[in-house]
2 protein chains.
Amino acid sequence: MTLIHAFDDVRPAPTRPAQPARPVAANDDILAGIGVRMTFAKDEEIYGQGEDADLVYRVVSGVVRTSSFTADGRRQIGDFYYPGDTFGVETGEAHLMAAEALTDCVVMIAKRKALRLAVGDERVQAMIWDATVRELERSREHLLLLVRKTACERVASFLKGLAERAEGETVELAMSRQDMADYLGLTIETVSRMVTQLQGVGVVEFKSCRHFRVRDRAALETMAAS
Amino acid sequence: MTLIHAFDDVRPAPTRPAQPARPVAANDDILAGIGVRMTFAKDEEIYGQGEDADLVYRVVSGVVRTSSFTADGRRQIGDFYYPGDTFGVETGEAHLMAAEALTDCVVMIAKRKALRLAVGDERVQAMIWDATVRELERSREHLLLLVRKTACERVASFLKGLAERAEGETVELAMSRQDMADYLGLTIETVSRMVTQLQGVGVVEFKSCRHFRVRDRAALETMAAS
DNA sequence: CGTGGCTTTGAAACATTTCAATCATCGTGG
DNA sequence: CCACGATGATTGAAATGTTTCAAAGCCACG
């Protein structure tokens, strides 16, 4: 983990324009103003499971993954966070999941307390509320995906989600097949097969295993069946 | 739906003592004070999917279920709510799921606005926050159950959860096998088989299909594998 | 006592996983 | 620059778990 500098360099996230789909609240730049800017190398841990959760994080560039392990070693992926996304806001004292850098990434970090001093309690409250609500919504959607969707539908939903977030024609998969599998509640082999299958029917096209483009949006949405 | 009376009869929930495991906040009796007390017959709808969500609900007696349907008719159960539980608090404008009375039940209902006038904004905010946090926690746990648990583990977890909430030796299942199945992401047949199987190995004992008792708590917890 | 709804059980079909092998990609060192 | 090994992805075949379809059992209710 590399600390670049703190409490200055207040430029907002450069790598990617703000997500168009999501309503960006006024608190969006709170962190940019007083946060500490840090970079993490691929696979580096940002925080660990069980650690104290009094910091708030925002992805500037790169992708972050939260995950936890069950007693018997099964991994669960909480979610993937993209530039502009806030993460690490817990409802309790400690982090229930660990966060890792999926790619090299830049993250703004701030203490809740420092934020309160800097921008006032209300705005911090509002930010925490927003982050929590978003967490709940993600969780619900994830749930829906897992309860009654087939392997194919899950993979289709996932790719559709990625495609919606990406701005360009070709979409990059920041995560490995294993990450996808753990997120979707499948095995890597099944994920791989479904990807191949979706490509076979002409819905998507993979240039490499980490890059694809949607060839038939309508069909993809049908297959996502949400 | 039967309206008994409103804005008086401020006795708190009589049927069951407050959940011991959960920290009961000071806002616990807010609703009892100014809420409207209503009864719903089994299978009656309390609110519908898409309806405006400016009311807050608390179960006094009976059990409530939230559910929604996907486009192709698959039902998803959100959760089951027991006496003392708050439900119907949404993060957006409308209810994402419908709520139905699983059994005959009594529910306290209040307008958010009325609550604010009666007890002040902070306490209402606190209650909404608590309800949202609990929702998120339930959702996460539910997720964990679905991602990487076998049918047997899911059913074991579910029975374990019920047993923990119940105070007596024998536990009543308020919900049908279909409800369990939709909650656990399984079919009724599979649920039934797993129940039989758990009984076969002596972990639980079913007196009827709606009543059971735990015979081997340790084994049940092992099988729940959470 | 019979009917209807829910639950259980059985057998076959199906989807996904597991195990195993092959294939690609990429960085390293000769 | 190419061969090499390492890592991750794909593919195949068999095994497994869950679902589907079908039938029987149970219980409550009229």
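By convention in this document, chain letters (A, B, ...) are assigned in the order of the sequence lines, proteins followed by strands, and residues within each chain are numbered from 1.
Each of A/G185 and A/K207 lies near DNA chain C, and the nucleotide nearest A/G185 is the one positioned closer to the 5' end. Mapping B/T150 and A/C209 onto DNA chain D by nearest heavy atom places A/C209 closer to the 5' end of the strand.
One can place CZ of A/F206 at 14 Å from P of C/dT25, the figure rounded to the nearest angstrom. C/dT25 atom P lies 15 Å from atom CG of A/L173, rounded to whole Å. Computed from coordinates, the A/R177 CZ to D/dT7 P distance equals 19 Å when rounded to whole Å. To the nearest angstrom, C1' of C/dG27 lies 14 Å from NZ of A/K42. Look at CE on B/M175: it is 16 Å from P on C/dC6, rounded to the nearest Å. For the pair A/L146 CG and C/dT16 P, the interatomic distance rounds to 13 Å; values are reported in whole Å. We find that CD of A/Q178 is positioned 11 Å from P of C/dT18, with the value rounded to whole Å. Counting to the nearest Å, the C1' atom of C/dA15 and the CD atom of A/E153 are 12 Å from each other.
Ion pairing of B/K160 with B/E164 is present here, as a side-chain N (NZ or NE/NH1/NH2) and a carboxylate O approach within less than 4.0 Å.
Using a 4.0 Å cutoff on non-hydrogen atoms, the parts of residues 186-195 of chain A near DNA chain C are A/L186, A/T187, A/E189, A/T190, A/R193, ordered by number.
Looking at B/R213 and B/T170, their side chains never bring a donor and an acceptor atom within 3.5 Å of each other. A donor and an acceptor atom, one from each side chain of A/S157 and A/K149, are located under 3.5 Å apart. B/E90 and B/H95 share a donor-acceptor pair across their side chains, judged by distance under 3.5 Å alone.
Ring pair A/F212/A/F206 is parallel by interplanar angle, where below 30° counts as parallel and above 60° as perpendicular. Between B/H142 and B/Y183, the two ring planes are parallel [angle under 30°; tilted spans 30° to 60°].
Centroid-to-centroid, the aromatic rings of A/Y81 and A/Y57 stay 6.0 Å apart or farther.
Within the nucleic acid shown, B/S208 has no heavy atom closer than 4.0 Å to any nucleic acid atom.
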